[in-house]
Structure formats: structure tokens, C-alpha cells
Amino acid sequence: HVQLVESGGGSVQAGGSLKLSCRVSGSPDCAYVMGWFRQGPGKEREGVGGIEGSGSATYADSVKGRFTISKDNDNILYLQMNSLQPEDTAVYYCAADPGIVRVGLATRLRDAAFRYWGQGTQVTVS
């Protein structure tokens with residue numbers, strides 16, 4: 001049974017920082033590719049960025065230079081968010097996929113092509 005649990009959300013003032021974590025339990029092979037998504041109030045879900053097993057990461061234009069995705073050896077995915085703005089307010093979700101079907105990461109983010117999803121954590125920027 002694969003489970004993704006996000007943590008680290010909260011409220012912060014504009015210009016501040018937060019670091020989200022996503023712990024993956026279950027088979028580590030399920031999380032070869034991982035990503036972060038967000039859905040703000042009244043907005044569609046958006047792919048924030050992702051990271052492949054090789055360590056290669058990609059980001060949405062809206063967060064480039066401000067957000068950084070990383071993953072440690074314990075299968076924990078991180079999202080370091082700096083220079084937060086009110087438009088970053090959203091529920092943030094992590095997602096994982098075994099990557100058996102070879103799809104480019106940008107395409108996978110665009111199509112939300114991940115098998116496993118977390119429940120989300122709220123980030124509010126005021």
C-alpha cells in the first residue's frame with residue numbers, strides 16, 4: 001500500500017518562506033518520479049514542478065527561481081518555497097509515479113500523470 005503524506009504547510013507573510021515535505025511509504029519503486037501540484041481558490045490544479053529518479057528537476061514558469069524541489073535517500077520529497085506571494089496561496093499536493101511508462105517530466109506535470117497522490121497541505125500567503 002503506497003501512501004504519500006505532506007507536511008509543512010501554514011500561513012506566511014508575503015516575501016516569506018516555507019518548506020513542504022512529502023513522505024512516501026510503501027515500495028520505494030513507486031516513487032521514481034515525483035511532483036508537486038497546487039490548487040488555489042477558484043483555480044485549476046497546476047503542476048508546480050517535479051523531479052525524476054536521475055535528479056533532474058523541472059519547474060513551472062510561475063515558480064522558477066523561487067521554488068526548489070529535492071528528494072533525499074529516505075524517499076522524502078521537499079519543496080522549498082521562497083519569496084512567497086499571495087498568488088502562491090493554494091493547497092499543495094505531492095504525487096508519485098513508478099515511471100514505468102516513459103513520459104517526459106514536463107508532459108507528466110501538464111497531464112498530472114502520476115499514480116499516487118497525497119491529501120494536500122494548505123499554504124496561505126498574506
Side-chain angles (χ1 to χ4, degrees):
H1 178 66
V2 176
Q3 189 175 16
L4 280 64
V5 179
E6 302 97 336
S7 61
S11 297
V12 64
Q13 291 188 338
S17 298
L18 279 175
K19 186 174 185 177
L20 306 184
S21 301
C22 173
R23 180 176 294 274
V24 181
S25 61
S27 169
D29 293 338
C30 75
Y32 180 77
V33 184
M34 298 192 73
W36 286 100
F37 290 78
R38 67 184 181 185
Q39 187 164 18
K43 297 181 181 179
E44 293 187 354
R45 182 176 56 189
E46 173 190 22
V48 174
I51 188 167
E52 296 179 317
S54 64
S56 175
T58 191
Y59 300 91
D61 288 342
S62 57
V63 305
K64 277 180 184 175
R66 300 189 299 124
F67 291 11
T68 302
I69 294 173
S70 60
K71 184 179 173 185
D72 68 14
N73 292 333
D74 292 325
N75 239 16
I76 300 176
L77 181 71
Y78 299 100
L79 179 65
Q80 176 67 48
M81 303 184 293
N82 299 326
S83 301
L84 283 162
Q85 300 301 317
E87 52 265 35
D88 295 316
T89 294
V91 177
Y92 283 73
Y93 302 87
C94 72
D97 194 274
I100 296 173
V101 177
R102 293 300 181 185
V103 176
L105 184 53
T107 299
R108 193 179 290 279
L109 288 168
R110 182 197 68 194
D111 298 340
F114 289 82
R115 181 175 299 182
Y116 306 106
W117 292 82
Q119 293 299 308
T121 185
Q122 176 71 47
V123 171
T124 302
V125 185
S126 60

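All figures in this text were calculated on a predicted structure; none of them were measured in a lab. No hydrogens, no waters, no symmetry mates; every other heavy atom, side chains included, goes into these values.
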Geometric cation-pi criterion Arg102 and Tyr32, 6.0 Å radius, 45° cone
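Yes; both conditions hold, so Arg102 lies above the ring face of Tyr32.
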
Any side-chain heavy atom of [X] within less than 4.5 Å of one from [Y]?
{"X": "Val48", "Y": "Tyr92", "answer": "yes"}
{"X": "Val12", "Y": "Met81", "answer": "no"}
{"X": "Tyr78", "Y": "Asp72", "answer": "yes"}
{"X": "Ile51", "Y": "Trp36", "answer": "no"}
{"X": "Glu6", "Y": "Ser21", "answer": "no"}
{"X": "Ile69", "Y": "Tyr59", "answer": "yes"}
{"X": "Val123", "Y": "Leu20", "answer": "yes"}
{"X": "Leu77", "Y": "Leu79", "answer": "no"}

Quick one: closest heavy-atom pair of [X] and [Y], and the distance?
{"X": "Ala90", "Y": "Gln122", "answer": "O-NE2, 3.4 Å"}
{"X": "Gln80", "Y": "Ser17", "answer": "NE2-CB, 4.0 Å"}
{"X": "Trp117", "Y": "Ala112", "answer": "CZ2-O, 3.6 Å"}
{"X": "Leu18", "Y": "Gly8", "answer": "CD2-O, 3.9 Å"}

Enter the distance from [X]:[atom1] to [Y]:[atom2] here, rounded to the nearest 0.5 Å.
{"X": "Tyr93", "Y": "Phe37", "atom1": "OH", "atom2": "CZ", "value": "12.0 Å"}
{"X": "Ser7", "Y": "Arg23", "atom1": "OG", "atom2": "CZ", "value": "8.0 Å"}
{"X": "Ile76", "Y": "Leu4", "atom1": "CD1", "atom2": "CG", "value": "11.5 Å"}
{"X": "Asp61", "Y": "Lys64", "atom1": "CG", "atom2": "NZ", "value": "4.5 Å"}
{"X": "Met34", "Y": "Cys22", "atom1": "CE", "atom2": "SG", "value": "4.0 Å"}
{"X": "Glu46", "Y": "Arg38", "atom1": "CD", "atom2": "CZ", "value": "4.5 Å"}

request  = Go through the side-chain N and O atoms of Ser62 and Glu87 and say whether any donor and acceptor fall under 3.5 Å apart.
outcome  =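 The criterion, which ignores hydrogens and geometry beyond distance, is not satisfied for Glu87 and Ser62.
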
Passes side chain to side chain contact (heavy atoms under 4.5 Å, CB included), Leu84 versus Gln13? Steps please.
-> CA-CA 8 Å; Leu84 283 162; Gln13 291 188 338; over 6 Å; no

Audit row: Val33, Phe114, side chain to side chain contact (heavy atoms under 4.5 Å, CB included) steps and yes/no:
CA-CA 8 Å; Val33 184; Phe114 289 82; 3.8 Å; yes

Q. Short question: side chain of Asp111, backbone of Ala113 - any donor-acceptor pair under 3.5 Å?
A.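 Not a single qualifying donor-acceptor pair exists.
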
Carboxylate-amine/guanidinium contact Arg66 Asp88, below 4.0 Å
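A salt bridge is present here (some side-chain N lies under 4.0 Å from a carboxylate O).
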
